[in-house]
> 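Let me begin by handing over the structure; questions about it come next.
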Amino acid sequence: MRIKDAVAQRIINLCKERKIAINALGNISGVNPSTIYSMLNTKSRNPGVVSLQKICDGLEISIRDFFNDDLFNDIEQEIK
(Lines give C-alpha, C1' and ligand atoms only; values in the text may rest on other atoms or scores of the structure.)
Protein backbone atom coordinates (compact mmCIF):
# COMPACT_ATOMS: atom_id res chain seq x y z
CA MET A 1 0.00 0.00 0.00
CA ARG A 2 1.17 3.50 -0.78
CA ILE A 3 1.35 6.10 2.00
CA LYS A 4 -1.29 8.29 0.32
CA ASP A 5 -3.72 5.34 0.25
CA ALA A 6 -2.99 4.47 3.88
CA VAL A 7 -3.60 8.08 4.98
CA ALA A 8 -6.89 8.17 3.08
CA GLN A 9 -8.03 4.87 4.56
CA ARG A 10 -7.04 5.99 8.06
CA ILE A 11 -9.14 9.16 7.72
CA ILE A 12 -12.10 7.10 6.50
CA ASN A 13 -11.71 4.61 9.35
CA LEU A 14 -11.48 7.35 11.99
CA CYS A 15 -14.63 8.99 10.64
CA LYS A 16 -16.47 5.67 10.71
CA GLU A 17 -15.30 4.96 14.29
CA ARG A 18 -16.55 8.36 15.41
CA LYS A 19 -19.66 8.23 13.22
CA ILE A 20 -18.92 11.55 11.57
CA ALA A 21 -19.15 12.56 7.94
CA ILE A 22 -16.32 14.11 5.97
CA ASN A 23 -18.15 17.46 6.02
CA ALA A 24 -18.37 17.27 9.81
CA LEU A 25 -14.66 16.45 9.98
CA GLY A 26 -14.01 19.56 7.93
CA ASN A 27 -16.07 21.66 10.32
CA ILE A 28 -14.37 20.40 13.49
CA SER A 29 -10.87 20.54 12.03
CA GLY A 30 -11.03 23.81 10.12
CA VAL A 31 -10.07 22.06 6.89
CA ASN A 32 -12.25 22.67 3.85
CA PRO A 33 -14.19 19.45 3.12
CA SER A 34 -13.08 19.66 -0.53
CA THR A 35 -9.47 19.47 0.68
CA ILE A 36 -10.30 16.36 2.71
CA TYR A 37 -12.13 14.79 -0.23
CA SER A 38 -9.11 15.45 -2.45
CA MET A 39 -6.96 13.67 0.14
CA LEU A 40 -9.30 10.69 -0.10
CA ASN A 41 -9.16 10.33 -3.87
CA THR A 42 -6.59 10.57 -6.64
CA LYS A 43 -6.62 14.38 -6.88
CA SER A 44 -4.07 14.81 -4.11
CA ARG A 45 -0.90 12.75 -4.41
CA ASN A 46 0.65 14.34 -1.34
CA PRO A 47 -1.64 15.02 1.64
CA GLY A 48 -0.32 18.17 3.30
CA VAL A 49 1.14 17.77 6.76
CA VAL A 50 -0.55 20.97 7.97
CA SER A 51 -3.97 19.73 6.84
CA LEU A 52 -3.27 16.35 8.40
CA GLN A 53 -2.32 18.02 11.69
CA LYS A 54 -5.54 20.05 11.65
CA ILE A 55 -7.55 16.88 11.02
CA CYS A 56 -5.81 15.24 13.98
CA ASP A 57 -6.54 18.29 16.14
CA GLY A 58 -10.20 18.14 15.14
CA LEU A 59 -10.33 14.44 16.02
CA GLU A 60 -8.46 15.18 19.26
CA ILE A 61 -5.66 12.75 18.49
CA SER A 62 -1.95 13.29 18.05
CA ILE A 63 -0.21 12.86 14.73
CA ARG A 64 1.56 9.92 16.39
CA ASP A 65 -1.81 8.33 17.17
CA PHE A 66 -2.87 8.88 13.57
CA PHE A 67 0.09 6.90 12.23
CA ASN A 68 -0.05 4.29 15.01
CA ASP A 69 -2.14 1.89 12.93
CA ASP A 70 -1.44 -1.37 11.12
CA LEU A 71 -2.21 0.37 7.82
CA PHE A 72 1.24 1.94 7.99
CA ASN A 73 3.19 -1.26 8.67
CA ASP A 74 3.81 -2.28 5.06
CA ILE A 75 4.09 0.96 3.11
CA GLU A 76 5.57 0.59 -0.38
CA GLN A 77 8.80 2.37 -1.12
CA GLU A 78 7.99 5.47 -3.17
CA ILE A 79 11.44 5.96 -4.72
CA LYS A 80 12.55 3.18 -7.03
> Test side-chain contact (heavy atoms from CB on, under 4.5 Å) on Ile61 and Leu14; report intermediate values, then the result.
CA-CA 10 Å; Ile61 63 172; Leu14 287 165; 3.9 Å; yes
> So Ile55 and Met39, do their side chains get closer than 4.5 Å, heavy atoms only?
yes
> In terms of the angle between their ring planes, are Phe67 and Phe72 parallel, tilted or perpendicular, with boundaries placed at 30° and 60°?
perpendicular
> Roughly how far, to the nearest 0.5 Å, is the CG atom of Asn13 from the CZ atom of Arg18?
11.0 Å
> Are more than 12 heavy atoms, taken from residues, nucleotides or ligands other than Asp74, located less than 6.0 Å from that residue's CG atom?
no
> Judged by atom type as modelled, is there a donor-acceptor pair below 3.5 Å linking the side chain of Lys54 to the main-chain atoms of Gly26?
no
> Carefully, step by step, assess Cys15 and Ile22 under the rule side-chain contact (heavy atoms from CB on, under 4.5 Å).
CA-CA 7 Å; Cys15 285; Ile22 300 303; 3.8 Å; yes
> Of all heavy-atom pairs between Val31 and Ser51, which one has the smallest distance, and what is that distance?
CG2-O, 3.9 Å
> Return the CG to CG distance between Asn41 and Asp5, rounded to the nearest 0.5 Å.
11.0 Å
> Just verifying a value: how many Å separate Met1 CE and Ile75 CD1, rounded to the nearest 0.5 Å?
7.0 Å
> Looking at every non-hydrogen atom in both residues, tell me the closest pair between Phe66 and Val7 and how far apart they are.
CZ-O, 3.8 Å
> Could you give the distance from CG (Asp69) to CZ (Arg10), rounded to the nearest 0.5 Å?
4.0 Å
> Any heavy-atom pair between the side chains of Tyr37 and Asn32 that's under 4.5 Å?
no
> Can Asp57 and Gln53 be counted as having a side-chain donor-acceptor contact under 3.5 angstrom?
yes
> What is the minimum heavy-atom distance between Ala8 and Leu40, and which atoms define it?
O-CD2, 3.5 Å
> Would a 4.5 Å heavy-atom cut-off, applied to side chains only, mark Ile28 and Ile20 as touching?
yes
